[in-house]
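Inspection log for the structure reproduced underneath, given as C-alpha cells.
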Amino acid sequence: MNFRISDSVTWVGKIDWELKKFHGDQLSTNNGTSYNSFLVRDEKNVLIDSVWKPYTDEFIANLQKTIELNKIDYIIANHGEPDHAGALGELLELIPGTPVYCTKSGKKSLHGHFHKDWNFQTVKSGDKLSLGSKEITFFEAPMLHWPDTMMSYLSGDNILFSNDIFGQHIAADQMFDYRIKPDLLEFELMKYFANIIAPFKKNAKIKLDELRNMDLKIDMICPAHGILFKENPQYALKKYEQYVNDYKEPVISVIYESMYGSTALMAETIADGIRQELPGAEVRLMNSAKSDNSDMVTEIFRSAALAVGSPNLNHGIMNSIASILDEIRPMKYNGKKAIVFGSYGWSPGHVDIIEDMLKSSGIEVNDKLTVNWRPDDETLKKCFEFGRKFAKDIDIEFNRQISDRDKIVNE
Ligand code: FEO
C-alpha cells in the first residue's frame with residue numbers, strides 16, 4: 001500500500017501491525033508501528049529512508065509499483081538504524097552507485113551495518129540538495145536518536161521529514177493525524193519520547209529552539225514511525241516543547257513489588273494517605289512485576305512524584321524494581337520528587353539502594369520508610385501519615401488543579 005501525502009510526495013513504507021516489541025525485546029509496541037519511507041518526485045526523484053530489513057522484499061516490490069527503481073536519483077538516509085536503513089542493502093544492489101545522502105556519522109553507522117562502500121554524500125546542517133523546482137535542506141539532529149540522525153526539509157511542500165523525532169509506534173489504517181484517536185496519538189507520542197528521546201532531551205530542546213528561530217514554514221511533519229502530522233504539525237512541536245522542559249502532570253505513581261503482600265499493603269496505604277491530602281491528583285499504583293516496563297517509564301515520565309517500594313531480598317531489592325529503576329537511570333528526571341518504602345525481616349538497608357538509584361535518575365528523594373515483617377494497625381497508620389506528609393510536601397502545584405468537583409470523600 002503506497003499513498004500520496006502531497007502533490008510530489010508518496011508514502012512508500014511499511015505498516016507493521018504485528019510488532020509488539022522493539023529494540024529487541026526492550027520496548028513494548030502494543031499498537032504496532034510503521035516504518036515511514038517517502039518518495040519525492042520532481043525533476044530529480046529522491047527516496048527518504050526505507051524500512052526494517054525483514055520487510056525489504058515487500059518494500060522493494062511496492063516501491064516498483066510507484067517508480068522504476070533506476071529513476072531514483074538520490075537516497076536520503078536520515079538515520080542509519082536498521083529499522084529505517086534496513087532495506088538499503090538490497091535496494092542498492094539493484095541501483096548501485098545511487099548517491100546516499102547522510103551525515104558524517106551516518107556514513108559510519110551505515111558502513112558499520114552494511115560494510116559497503118556506497119556512494120556516500122555526507123551533508124551538514126544547512127546543506128541543500130536541488131530536485132529541480134524544489135529542494136531539500138538538511139538539519140543534523142545528533143542523538144535524536146543516534147549521533148547520525150538528521151532531518152530533511154522539502155521546500156514547496158514545506159514538509160519536515162523528522163525521522164525518529166515526533167515518532168510514535170502506531171500502526172493505523174489511515175496514517176494522518178486527523179484520522180487517529182487523539183488519546184492514542186497523545187499516549188504513543190509521549191511513550192516514544194519518554195522511552196527513546198528522553199535521555200537526549202537537552203539535544204531535543206536545542207533542536208526545537210533552532211527550528212523555532214529559523215521560522216521555517218512547516219505544513220507537515222512526517223516522522224519515520226507512526227502518524228503523519230498533516231492537519232496540525234504544531235501539535236507535535238508543542239507537545240515536544242512541553243516534554244523537553246521537565247514535563248510533569250498532577251500524577252503520583254506508586255511503584256512496588258511485593259513478596260508476601262507486606263510491601264503491597266504499604267503501597268496501598270501510602271496511596272490512601274496521598275489521596276487524602278491531594279484529592280485532585282491522580283494516584284497510580286503499579287506492581288512492577290506485573291506491569292509493562294515501557295508503559296511504566298511513560299507513567300514515571302508524566303508523574304510529578306513517585307513512591308517506590310520493595311521488600312528486602314538478600315540485602316538487595318526485587319528484580320522488577322531494579323529493572324525499572326535501571327531503565328530510568330539515564331533519563332535525568334529533574335524536578336520530580338520521591339519517597340521510598342519497603343518491608344524487611346532482618347535487614348532494612350535495601351531502601352538505600354532504591355534511594356541511590358532514584359537519585360542517579362535526577363529524582364529528589366524526600367523520605368524513606370521501612371516496616372519490620374508485616375505491617376500492623378500501628379505501622380499502617382505510619383504508612384498513611386508517610387503518604388500524607390509527602391503529599392503535603394509536594395502540594396503547591398497540585399492544589400492548583402483541584403476543583404470542588406474533584407474532591408472525593410474517602411470513607
Ligand atoms: Fe526508529 Fe532510531 O530508529
Side-chain angles (χ1 to χ4, degrees), residues 11-38 47-56 59 75-89 91 100-114 138-152 160-172 175 185 187-204 207-208 221-229 236 239-240 243-244 294 297-298 327 330-331:
W11 180 97
V12 291
K14 165 69 186 174
I15 296 173
D16 188 347
W17 296 87
E18 292 189 357
L19 193 83
K20 299 300 169 199
K21 293 282 184 182
F22 188 70
H23 281 165
D25 282 339
Q26 179 70 19
L27 178 78
S28 68
T29 53
N30 302 320
N31 292 297
T33 194
S34 70
Y35 317 102
N36 297 335
S37 171
F38 304 94
L47 180 74
I48 301 178
D49 294 322
S50 70
V51 301
W52 190 30
K53 187 170 172 51
Y55 297 108
T56 298
F59 167 71
I75 292 170
I76 293 173
N78 277 329
H79 181 21
E81 193 166 356
D83 53 329
H84 306 296
L88 293 187
L91 183 63
V100 177
Y101 287 80
C102 60
T103 60
K104 203 170 158 192
S105 293
K107 180 178 171 181
K108 275 189 203 162
S109 64
L110 289 165
H111 194 272
H113 277 101
F114 292 96
F138 300 103
F139 299 106
E140 292 170 276
M143 300 316 297
L144 301 172
H145 150 237
W146 279 5
D148 68 343
T149 301
M150 67 174 184
M151 300 187 278
S152 302
L160 184 69
F161 298 98
S162 57
N163 201 265
D164 280 327
I165 309 154
F166 309 117
Q168 344 85 42
H169 286 304
I170 298 177
M175 295 297 287
L185 180 57
F187 176 76
E188 290 294 348
L189 186 70
M190 183 186 286
K191 182 173 175 177
Y192 197 99
F193 185 94
N195 283 273
I196 294 175
I197 306 290
F200 315 111
K201 59 178 180 274
K202 276 190 186 161
N203 301 54
K207 199 47 56 183
L208 285 174
I221 292 179
C222 294
H225 295 290
I227 299 303
L228 314 178
F229 297 93
K239 281 288 173 191
Y240 262 50
Y243 297 162
V244 297
S294 311
V297 168
T298 314
E327 196 157 341
M331 306 300 186

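We count ligands from 1, going down the list as the structure has it; atoms in each ligand are counted the same way.
Between His79 and Trp146, the ring-plane angle classifies as perpendicular under the 30° and 60° cut-offs. Between Phe193 and Tyr240, the ring planes are perpendicular. Angles over 60° get that label, and only those under 30° would be called parallel.
Paired with His84 under the rule side chain to side chain contact (heavy atoms under 4.5 Å, CB included), one option of Asn78, Ile48, Asn36, Asn163 passes, and it is Asn163.
The environment of NZ in Lys14 is crowded: more than 12 heavy-atom neighbours from other residues, nucleotides or ligands sit within 6.0 Å.
Closer than 2.8 Å to atom 1 (Fe) of ligand 1 sit the protein N, O or S atoms Asp83 OD2, His84 NE2, Asp164 OD1, His225 NE2.
The stretch residues 190-203 participates, sequence neighbours left out, in these salt bridge (Lys or Arg N to Asp or Glu O under 4.0 Å) pairs: Lys191-Asp295.
With Lys20 contributing its side chain and Asn30 its backbone, the two residues share a donor-acceptor pair below 3.5 Å.
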